[in-house]
Structure formats: C-alpha cells, structure tokens
Amino acid sequence: MSTFCNYAVLRFQPYPETGEFANLGIVMLCSNGQFLQRVETRTRKRVTDFFDKLDPSIFRRARHEFADEVKRVAELANANAGDFALQMGLFKHLIAPSETMFRFGPPGTIASSDPAKTLDELFNRYVHHDFDQREEVETTIKRRLNILLKEQFVDRIYREERLGDELYHVTFPFVWRHHEHAPRQAIRPLSFDLDDPKSILDKGDRWIMQMNRLTKHGGMPEDTVFVCQAPQSQEAKRIQSYREITAELANTQHIRVIPQETPVSQMREMLAETVRH
C-alpha cells in the first residue's frame, strides 16, 4: 500500500544574490505519520571549496545548529504521529521561506511503499548527485578559464579583484587592467544548471541588478564577460528561461555572454575583442 509523502530539499545558500546553492538534506512528512529527515553532516570541504570566500567555521557551526533544529522538529512530529494537522503545521513552518543561509526548495509529493527507502533515494539524487556532479560547476569552469587565459593571453595578467567602491563592490575571478589603468576586462563563470526555471531567472536578474549597481558606483569594466553554462536538463521551460535571461544579460551595456561550451579557439577570439561598445 502506497503512502503519500511531502518532501522538501534543504539548501545551503550563503549568498542569495548569486543564486548558487548546495543541496544538503531532505525532510519528509508521510501520510502514515512518519516524519523523516536526513542532513549531510560529514562533507565539508566540497561545500567550503565551492563557497571559497566563506569562513569554514561559520559553515560548520551553522550547519550543526540547523541540523539540530531539523532533528528537534522531526522528534516533535513523530511524538505526535496521530495528529497529522499538527505534523503538517510543523512541516510547513520548517520549510517556510527564510533569509537564513539554510532554506528549503519548493515542496514536492511522492507516493511510496517504503518511505525510508524513498528518503534515501531522494537524498542520493539531490544531495550526493549535487556533490559529485554539480557543486563545483562554476569552479570547474573557472579552472578551465584560468588555463585558457594563461596559455592564450601571455601579454595580459588577470587577477581576482573586487570592483566598485566602499559602498558597493563585486568580486570577479579574472580582471585585466591595461597598464594598471581602469579595468579593461572582467570575466566570471555563471552556471544556470539550476533546479527550476524561476531559479534561473532569479539568478540572472540578480546579476543584472548587480551590474547596474556596479555601474553607478564606478566599478564597471569596459568589457564584462559572463561565461555561462546552460541547464543540462532539456526541459523546455528551463531552456526558455536560460535563453531569456542570457539575452537580457547580453543586452546590458558593456556585458557579453559566451556559452561555456564554446571551442577554445573561438573563445580566445571572442575574449580578445575586449570592447564591444
């Protein structure tokens, strides 16, 4: 006999303005009265390497506190297994939108004959898959760009820099200044391989906002290049969102978009152009 289970994926998102997050766990409320949860508490380096500007001690402490809170809610819910309304209230309260580093994605529902097994399957799908295949997407693109820039542009020196002023600034991993004057070119990888169309649009909108704000604070380079990864899923709505947001980015003054799968020779030519406007 199948049991209906409401579940939500726990995300670690220390910088909401960028849209990047790492999946860290699953919570699940089932119609048979079970409240199940599983939070990744062993892996740290992969997360802190991805969010390399974050103090690892902050992540460790915050994760420990949030995992304890999830466990407390699960224990309270399971102690009231006969009161589904109370359990649902606890579930909704736990996954409600928040402004903390730990937040939950949109809830889903799944039918299962073995909720504990389903919890493991969802955990492996969202959390382990995230760690093993996706959590270093932008870091991987950044490494490739680093190699390309060093090999193909021996006359340029790219450095990580924070552009802007004391009131507002944005960090780019690759900034080139011609003879140490104003920044000539800034390059940053952006992955839009996200879980839903809205996340893709939200991430792009945040970067457009940041670039407009950076312009007002005098930190916009002559040429800003976003090397973008498309969603790996061929879901039509995700692809549509990606095309829409990259078109809007490319139509923002001084910004260019280059797909990350562009061949090296072609990417070199595109980066060598530097100024389009």
Working to the nearest 0.5 angstrom, can you tell me the gap between [X] [atom1] and [Y] [atom2]?
X	Y	atom1	atom2	result
Glu161	His169	CD	NE2	13.0 Å
Thr246	Ile200	OG1	CD1	10.0 Å
Ile187	Ile141	CD1	CD1	13.0 Å
Gln229	Asp193	CD	CG	5.0 Å

[X] atom [atom1], over 12 foreign heavy atoms within 6.0 Å:
X	atom1	result
Tyr168	OH	yes
Arg177	CZ	yes
Leu76	CG	yes

Go through the steps for Met220 and Gln253 under the test side chain to side chain contact (heavy atoms under 4.5 Å, CB included), then give the verdict.
CA-CA 10 Å; Met220 194 69 172; Gln253 191 175 25; over 6 Å; no
I'd like to check [X] versus [Y] (side-chain heavy atoms, cut-off strictly below 4.5 Å). Are they in contact?
X	Y	result
Val175	Arg159	no
Ile245	Ile208	yes
Leu194	Asp202	no
Val170	Leu163	no
Glu138	Leu190	yes
Glu151	Arg268	no
Pro197	Pro231	no
Leu149	Arg156	no

Side chain to side chain contact (heavy atoms under 4.5 Å, CB included), that's the test. Do Glu273 and Glu269 meet it? Break it down for me.
CA-CA 7 Å; Glu273 294 175 4; Glu269 292 178 1; 5.7 Å; no
If the condition is ring pair (Phe, Tyr, Trp, His ring centres under 6.0 Å), which residues does Phe174 pass it with, not counting sequence neighbours?
none
Applying ring pair (Phe, Tyr, Trp, His ring centres under 6.0 Å), name anything that partners Phe153, two or more places apart in sequence or on another chain.
none
I'd like to know if the side chain of [X] and the backbone of [Y] have a donor-acceptor N/O pair within less than 3.5 Å.
X	Y	value
Asn146	Lys142	no
Asn78	Phe35	yes
Lys203	Ser191	yes

Taking only residues at least two apart or on different chains, which pairs with a member in residues 23-39 satisfy salt bridge (charged side-chain N to carboxylate O under 4.0 Å, His left out)?
Arg38-Asp120
Output every pair passing salt bridge (charged side-chain N to carboxylate O under 4.0 Å, His left out) with a member in residues 84-110, not counting sequence neighbours, ordered by first then second residue.
none
Quick one: closest heavy-atom pair of Phe192 and Gly204, and the distance?
CE2-N, 3.7 Å
Between Thr41 and Ala67, what is the shortest heavy-atom contact and its length?
CG2-CB, 4.3 Å
Going through the distances and angles, do Asp55 and Ser57 end up as a side-chain hydrogen bond (donor to acceptor under 3.5 Å, both in side chains)?
CA-CA 5 Å; Asp55 184 340; Ser57 65; 2.8 Å; yes
Got a sec, which residues hit side-chain contact (heavy atoms from CB on, under 4.5 Å) with His178, two or more places apart in sequence or on another chain?
Trp176, Arg184
Using the side-chain contact (heavy atoms from CB on, under 4.5 Å) criterion, which residues pair with Ala62? Sequence neighbours excluded.
Met101, Phe102
Could you walk me through whether Trp207 and Arg188 pass the side chain to side chain contact (heavy atoms under 4.5 Å, CB included) check?
CA-CA 11 Å; Trp207 275 102; Arg188 183 183 180 93; 3.1 Å; yes
From the list Gln240, Gln234, Glu235, side chain to side chain donor-acceptor pair (under 3.5 Å) with Arg238 holds only for Glu235
When you look at Met88 and Asn6, which way does the side chain to side chain contact (heavy atoms under 4.5 Å, CB included) test go after all the steps?
CA-CA 9 Å; Met88 180 58 73; Asn6 301 287; 3.5 Å; yes
I want to know whether Phe12 and Phe66 have ring centres closer than 6.0 Å.
no
